[in-house]
Amino acid sequence: MMLPISLEFFPPKTPEGSDKLRAARQQLYALKPEFCSVTYGAGGSTHTGTFNTVSEILAEGVDAASHFSCIGATRAKVCDQLAQLRAMGVKRLVALRGDLPSGYGSGGEFQYASDLVAYIREECGSDFRIEVACYPEVHPQAKSPRADLDAFVTKVKAGADAGITQYFYNADAYFRFVDEVRKLGVDVPVVPGIMPITNSSQLLRFSDSCGAEVPRWIRLRLQSFGDDSASIKAFGLDVVSALCEQLQRGGAPGLHFYTMNQAGPTLAVAQRLAR
Ligand code: FAD
């Protein structure tokens, strides 16, 4: 039996991108996602695109979560945007600190995602279900692995209902992370984030910057395929399906797919899991 799944999209930048995403969503709805989430560019850069995409998903009859990052934001601006989201009928948020693009000064009134979670609870009570990010392989800016665990615990104590992890390809890191947060008294679901593998150089570059590890054996195999994208996709499908099966057997409460706005790779993994 398939675990409950959720799907993550980013707001398209062009009309063609919006059309492609609409078509991808229609295919992905066959998986009956619990919700779909839409990322939010730090500093508010994608505010309109994010909110428009969230509205479209809700209008398609599917529950939608808006990601919402607080770095560089004032309380007044956050308050205004929460009112907009409430008026749109949004009931779920993924609350984040975010990363400011280089060149932006901070100047904001929130330091960490936990400050945002506390503020949303203060302003909006239980109007929103709040998911937060967590990092089985440790956030790149964390002072120490223990400090990063504590940061997740603080977000939950501030009112988060669940965690969604950064993607990883080493299931042990996830299981250990869950054990450790349980020992610290956290009992909310910790849903693993799953990144299908479709491209080698992009994945390796991106993983370096976000603190996700691509294990040596996967990296070397991917590099050995050069630009043979059929082999990369077939290998990626094997690796990611096996990871999801391991997570399912080990008791993960659901799977959150980073779809990269494409239907095919997520559907292929889901079909393997359903066999
Ligand atoms: P925080 O929880 O605030 O943590 C940031 C850093 O501060 C960590 O190193 C943590 O250990 C440390 N820290 C936290 N609290 C304390 C404290 N009290 N004292 C000392 N140190 C502390 N980015 C986007 O821009 N838009 C998105 O839509 C988006 N969606 C994401 C969805 C998921 C599921 C994930 C996993 C990440 C997402 N990101 C997104 C990336 C995220 O914004 C970055 O990883 C960012 O660097 C950290 O955000 P956070 O909410 O985890 O921050």
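Because the structure is predicted, anything quoted here is derived from the model rather than measured.
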Requested in this report: Find out if a path of hydrophobic residues (ILVMFWY) with successive side-chain heavy-atom gaps under 4.5 Å connects Val153 to Leu116.
Outcome: yes
Query raised in the report: Heavy atoms, side chains only, cut-off 4.5 Å: are Glu109 and Asp115 in contact?
Result: no
Report task. Search all heavy atoms of Pro136 against all heavy atoms of Ala173 and return the closest pair with its distance. Result -> CB-O, 3.7 Å
Requested in this report: Please round to the nearest 0.5 Å and tell me the distance separating atom CD1 of Ile232 and atom OG of Ser224.
Outcome: 8.5 Å
Query raised in the report: Can any side-chain N or O of Thr165 pair as donor or acceptor with the backbone N or O of Gly193 at less than 3.5 Å?
Result: yes
Query raised in the report: Taking it one step at a time, do Ser37 and His256 satisfy side chain to side chain contact (heavy atoms under 4.5 Å, CB included)?
Result: CA-CA 9 Å; Ser37 77; His256 179 82; 3.5 Å; yes
Report summary line: All heavy atoms of Ala158 vs all of Ser114, minimum pair found to be CB-O, 3.8 Å
Query raised in the report: Are Tyr169 and Trp217 linked, directly or through other ILVMFWY residues, by side chains that come within less than 4.5 angstrom of each other?
Result: yes
Query - Pro12 side chain reached by Thr53 side chain, heavy atoms, under 4.5 Å - result: yes
Report task. Dump the intermediate steps for side chain to side chain contact (heavy atoms under 4.5 Å, CB included) on Glu123 and Cys79, then the final yes or no. Result -> CA-CA 8 Å; Glu123 285 295 309; Cys79 184; 3.7 Å; yes
Requested in this report: Heavy atoms only: give me the nearest Val132-Val117 pair and the separation to one decimal.
Outcome: CG1-CG2, 3.7 Å
Requested in this report: Please tell me if the side chains of Cys124 and Tyr119 come closer than 4.5 Å, counting only heavy atoms from C-beta onward.
Outcome: no
Report task. Look up atom CD in Gln27 and atom CZ in Arg25, then write down how far apart they are to the nearest 0.5 Å. Result -> 12.0 Å
Query raised in the report: Out of curiosity, does Tyr112 fall in the hydrophobic cluster containing Leu149 (side-chain heavy atoms, cut-off under 4.5 Å, transitive links)?
Result: no
Query raised in the report: Should Met195 and Leu273 be counted in the same cluster of Ile, Leu, Val, Met, Phe, Trp and Tyr side chains packed under 4.5 Å apart?
Result: yes
Query raised in the report: Would you say Val191 and Phe175 are hydrophobically clustered, going by side-chain heavy atoms of ILVMFWY under 4.5 Å?
Result: no
Query raised in the report: Is there a donor-acceptor pair closer than 3.5 Å between any side-chain N or O of Thr14 and the backbone N or O of Gly17?
Result: yes
Report task. Begin with the C-alpha distance, continue with both residues' side-chain angles, and end with the deciding distance and a verdict on side chain to side chain contact (heavy atoms under 4.5 Å, CB included) for Ser6 and Phe257. Result -> CA-CA 6 Å; Ser6 48; Phe257 282 93; over 6 Å; no
Query raised in the report: Quick check: are there more than 12 heavy atoms from other residues, nucleotides or ligands sitting under 6.0 Å from CZ of Arg22?
Result: yes
Query raised in the report: Can Arg92 be said to sit on top of Phe35's aromatic six-ring, NZ or CZ under 6.0 Å from centre and within 45° of the ring axis?
Result: yes
Requested in this report: Measure from the side-chain N and O atoms of Asp208 to the backbone N and O of Arg205, and report whether any donor-acceptor pair falls under 3.5 Å.
Outcome: no
Query - Pro215 backbone acceptor or donor facing Asn170 side chain under 3.5 Å - result: no
Query raised in the report: Given Arg86 and Gln81, is the side-chain hydrogen bond (donor to acceptor under 3.5 Å, both in side chains) satisfied, shown in steps?
Result: CA-CA 9 Å; Arg86 247 196 310 213; Gln81 296 198 348; over 6 Å; no
Report task. Check the angle between the aromatic planes of Tyr167 and Tyr258 and answer parallel, tilted or perpendicular using the 30° and 60° thresholds. Result -> perpendicular
Report task. Answer yes or no: is there a side-chain heavy-atom contact under 4.5 Å between Ile5 and Glu34? Result -> no
Query raised in the report: Say you draw a straight line from OH of Tyr174 to OH of Tyr135; how long is it, rounded to the nearest 0.5 Å?
Result: 16.0 Å
Query raised in the report: Should Asp150 and Arg146 count as an ion pair when the cut-off is N to O under 4.0 Å?
Result: yes
Requested in this report: Determine whether Ser201 and Asn199 make a side-chain contact, defined as any pair of heavy atoms from C-beta on separated by less than 4.5 Å.
Outcome: yes
Query raised in the report: Which of these, Leu243, Leu255, Val240, sits in a side chain to side chain contact (heavy atoms under 4.5 Å, CB included) with Val269?
Result: Val240
**Report entry** Side-chain touch His139/Cys134, heavy atoms, less than 4.5 angstrom
**Finding:** no
Requested in this report: Please say which of Lys155, Lys91, Arg121 ends up in a salt bridge (charged side-chain N to carboxylate O under 4.0 Å, His left out) with Asp161.
Outcome: Arg121
Query raised in the report: Hey, does the side chain of Ser209 reach the backbone of Phe206 with a donor-acceptor pair shorter than 3.5 angstrom?
Result: yes
Query raised in the report: Does a donor on one side chain sit under 3.5 Å from an acceptor on the other, for Tyr29 and Glu60?
Result: yes
Requested in this report: Taking the six-membered ring of Phe110 (Phe, Tyr or Trp), confirm whether the NZ or CZ of Arg75 is under 6.0 Å from its centre and within 45° of its axis.
Outcome: yes
Query - Atom pair CD/CG of Gln271 and Leu31 - distance to nearest 0.5 Å - result: 8.0 Å
**Report entry** Side-chain heavy atoms of Lys233 within contact of Pro265, under 4.5 Å
**Finding:** no
Query raised in the report: Can you tell me how far SG of Cys244 sits from CZ of Arg272, rounded to the nearest 0.5 angstrom?
Result: 11.0 Å
Query raised in the report: Taking the inter-plane angle between the rings of Phe51 and Phe68 on a 0 to 90° scale, is it parallel (under 30°), tilted (30 to 60°) or perpendicular (over 60°)?
Result: parallel
Query raised in the report: Between the side chains of His67 and Thr50, is a donor N or O closer than 3.5 angstrom to an acceptor N or O?
Result: no
Requested in this report: Check whether more than 12 heavy atoms from other residues, nucleotides or ligands sit under 6.0 Å from atom NZ of Lys20, and answer yes or no.
Outcome: no
Requested in this report: Taking all non-hydrogen atoms of both residues into account, name the closest pair between Ala64 and Ile57 and its distance.
Outcome: CB-CG2, 3.7 Å
Report summary line: Of all heavy-atom pairs linking Leu58 and Met88, the shortest is CD1-O, 3.6 Å
Requested in this report: May I ask you to say whether Arg182 pairs ionically with Glu180, meaning some side-chain N is under 4.0 Å from a carboxylate O?
Outcome: no
Query - Non-hydrogen atoms of Ala263 and Ala24 that approach each other most closely - result: CB-O, 3.7 Å
Query - Exceeds 12 heavy-atom contacts within 6.0 angstrom, atom CG of Asp227 - result: no
Query raised in the report: Quick check: does any side chain N or O of Glu137 sit under 3.5 Å from a backbone N or O of Glu213, one acting as donor and the other as acceptor?
Result: yes
Requested in this report: Answer yes or no: is there a side-chain heavy-atom contact under 4.5 Å between Ile194 and Leu247?
Outcome: yes
Query - Atom CD of Gln141: over 12 foreign heavy atoms under 6.0 Å - result: yes
Requested in this report: Decide side chain to side chain contact (heavy atoms under 4.5 Å, CB included) for Ser66 and Val38; before the verdict, give the C-alpha distance in whole Å, the side-chain angles of both, and the deciding distance to 0.1 Å.
Outcome: CA-CA 5 Å; Ser66 180; Val38 185; 5.9 Å; no
Report task. Working to the nearest 0.5 Å, report the span between CG of Asn261 and CG of Leu21. Result -> 4.5 Å
